[in-house]
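Input: a single structure, listed below in structure tokens.
Just so we're on the same page: letters track the sequence lines, and every chain starts at 1.
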Protein chains: 2
Amino acid sequence: MNVIPNRAVERSQLLKGVLDLAVLAVLAEQDAYGYDVVRKLRSHGLNDVAEASVYGTLRRLFATGYLSSYVVPSEEGPHRKYYGMTAVGREWLVEQQKQWVDFRNVIDAIIKTKEEGAPGV
Amino acid sequence: MNVIPNRAVERSQLLKGVLDLAVLAVLAEQDAYGYDVVRKLRSHGLNDVAEASVYGTLRRLFATGYLSSYVVPSEEGPHRKYYGMTAVGREWLVEQQKQWVDFRNVIDAIIKTKEEGAPGV
DNA sequence: GGATAGTACTATATAAAGTGTAGTACCGCA
DNA sequence: TGCGGTACTACACTTTATATAGTACTATCC
């Protein structure tokens with residue numbers, strides 16, 4: 001029987017909850033529009049992130065108040081919807097970063113436990 | 001409706017896709033039953049992981065063939081359903097560990113980018 | 001000039017997985 | 001007898017990444 005799991009779907013689970021953080025981190029550098037955020041994330045190693053995921057995340061973060069938005073007409077294509085961080089967004093980013101670091105340390109510790117048996121933290 | 005995001009739900013998103021890995025890592029040390037896996041995960045820092053999540057994960061991993069199972073009667077309570085790794089499960093664990101390390105490196109790089117501006121990669 | 005590709009965004013349906021909640025059942029203790 | 005801890009199952013709910021389709025503008029190639 002073929003138990004080969006779908007790679008894209010499988011990996012996409014890892015992104016859950018972290019895509020917000022990644023998008024915010026990109027926007028913390030400088031304002032950007034959706035299509036550009038996608039390219040930046042991919043160039044950073046998130047090769048398979050779907051466009052719909054990024055656009056959806058941007059809309060969600062905007063709706064929550066973490067991002068502001070403005071439209072800039074482009075001469076090389078359709079208009080671009082830029083997003084920028086709000087003050088609340090920056091606070092949330094910092095908090096999310098901490099949570100990520102804590103979380104990844106916990107996971108790292110758990111998967112190392114089996115090699116040694118003595119968790120060093 | 002309340003706009004305050006539910007902490008538990010928020011954090012739970014981070015667990016998506018990683019709980020499999022955590023559970024397998026615990027079981028790689030030694031066979032264990034569900035309730036025990038929950039306690040071990042919590043003692044490792046996953047304080048708020050829900051029982052239903054672990055039981056569900058165990059059933060899923062068992063159904064996929066990564067875990068074997070046997071029931072042991074207990075004298076201090078109801079029966080215990082022990083789970084142990086299969087050969088395929090061990091292979092998958094190794095692969096998942098690699099994927100996790102890659103993934104967390106990418107995320108770490110992205111959230112650090114904004115501090116320096118020079119991505120090392 | 002029309003077809004095509006790249007850019008840029010929106011909207012909807014789907015699927016995966018963690019959680020909440022309720023329920024079953026066994027044990028020991030006050 | 002009832003309560004708390006142990007141990008598991010089942011179902012509905014929620015969030016979120018993805019697939020897919022569609023709109024629309026620009027530039028390029030035949």
Side-chain angles (χ1 to χ4, degrees), chain A residues 5-23 32-42 46-64 67 69-83 96 103 107, chain B residues 1-24 32-42 46-64 69-83 96 103 107:
Chain A
N6 183 330
R7 286 304 185 111
V9 172
E10 199 182 300
R11 187 183 33 248
S12 81
Q13 295 300 324
L14 284 176
L15 259 187
K16 296 261 169 94
V18 192
L19 186 54
D20 287 20
L21 177 56
V23 166
Y33 55 96
Y35 201 75
D36 204 32
V37 173
V38 172
R39 278 191 298 228
K40 285 181 179 176
L41 288 175
R42 286 189 178 150
L46 254 31
N47 307 311
D48 306 295
V49 69
E51 285 183 25
S53 312
V54 176
Y55 284 117
T57 299
L58 287 169
R59 274 196 298 271
R60 192 154 32 81
L61 293 174
F62 174 74
T64 318
L67 297 179
S69 174
Y70 52 92
V71 171
V72 176
S74 165
E75 279 153 24
E76 323 156 36
H79 71 279
R80 294 166 174 173
K81 201 169 185 177
Y82 276 79
Y83 290 93
Q96 286 295 104
F103 180 76
I107 299 299
Chain B
M1 283 291 205
N2 225 328
V3 194
I4 300 172
N6 182 330
R7 288 299 185 114
V9 171
E10 200 181 297
R11 187 183 34 248
S12 82
Q13 295 298 326
L14 284 176
L15 259 187
K16 297 258 170 99
V18 192
L19 186 54
D20 286 20
L21 178 57
V23 166
L24 285 175
Y33 56 98
Y35 201 74
D36 204 32
V37 173
V38 172
R39 280 191 298 229
K40 286 181 178 175
L41 289 176
R42 288 189 177 150
L46 253 33
N47 308 311
D48 305 296
V49 69
E51 286 182 24
S53 313
V54 175
Y55 284 118
T57 300
L58 287 168
R59 274 198 296 273
R60 194 157 30 82
L61 293 173
F62 173 74
T64 319
S69 173
Y70 52 95
V71 172
V72 175
S74 164
E75 282 153 22
E76 325 155 33
H79 71 280
R80 293 165 173 174
K81 201 168 183 178
Y82 275 79
Y83 290 93
Q96 286 296 104
F103 179 76
I107 300 299

Result for 5'-nearest mapping on DNA chain D, choosing between Val54(A) and Tyr82(B), is Tyr82(B)
Tell me: [atom1] of [X] to [atom2] of [N], nearest whole Å?
| X | N | atom1 | atom2 | answer |
| --- | --- | --- | --- | --- |
| Lys40(B) | dT6(D) | NZ | P | 15 Å |
| Tyr83(B) | dT9(D) | OH | P | 5 Å |
| Leu19(B) | dA16(C) | CG | C1' | 13 Å |
| Arg39(A) | dA8(C) | CZ | C1' | 9 Å |
| Asn47(A) | dT18(D) | CG | P | 12 Å |
| Leu46(A) | dA17(D) | CG | C1' | 12 Å |
| Glu51(A) | dG6(C) | CD | P | 12 Å |
| Leu41(A) | dT18(D) | CG | C1' | 15 Å |

### Task
Give one of base, sugar-phosphate or nothing for Ala52(B), where a contact means two heavy atoms less than 4.0 Å apart.
base
Review point. Hey, does Lys16(B) reach any base, or is it just sugar-phosphate, or nothing, if we go heavy atoms under 4.0 Å?
Key: base
If you compare all heavy atoms of [X] against all heavy atoms of [Y], which two are closest, and at what distance to 0.1 Å?
| X | Y | answer |
| --- | --- | --- |
| Leu19(B) | Val54(B) | CD2-N, 4.4 Å |
| Arg42(B) | Asn47(B) | O-OD1, 3.3 Å |
| Gly34(B) | Tyr55(B) | CA-CE2, 3.8 Å |

Among [options], which nucleotide sits nearest the side chain of [X]?
| X | options | answer |
| --- | --- | --- |
| Gln13(B) | dT16(D), dT19(C), dA17(D) | dT16(D) |
| Arg80(A) | dA8(C), dG18(C), dA7(D) | dA8(C) |
| Ala50(A) | dA19(D), dC8(D), dA17(D) | dA19(D) |

Scoring nucleotides 24-30 of chain C by protein non-hydrogen atoms under 4.0 Å (B base, S sugar-phosphate only, - none) yields -BBS---
State whether [X] places a side-chain N or O below 4.0 Å from either non-bridging phosphate oxygen (OP1 or OP2) of [N].
| X | N | answer |
| --- | --- | --- |
| Arg60(A) | dA17(D) | yes |
| Arg59(A) | dC9(C) | no |
| Tyr55(B) | dT9(D) | no |

- Is the closest side-chain heavy-atom distance between Phe103(A) and Leu15(B) below 4.5 Å? yes
Lys40(B) meets the salt bridge (Lys or Arg N to Asp or Glu O under 4.0 Å) criterion, sequence neighbours left out, with Asp36(B)
Salt bridge (Lys or Arg N to Asp or Glu O under 4.0 Å) filter on Arg60(B), not counting sequence neighbours, yields Asp20(B)
**Prompt:** How are the rings of Tyr70(B) and Tyr82(B) set to each other: parallel, tilted or perpendicular (split at 30° and 60°)?
**Reply:** parallel
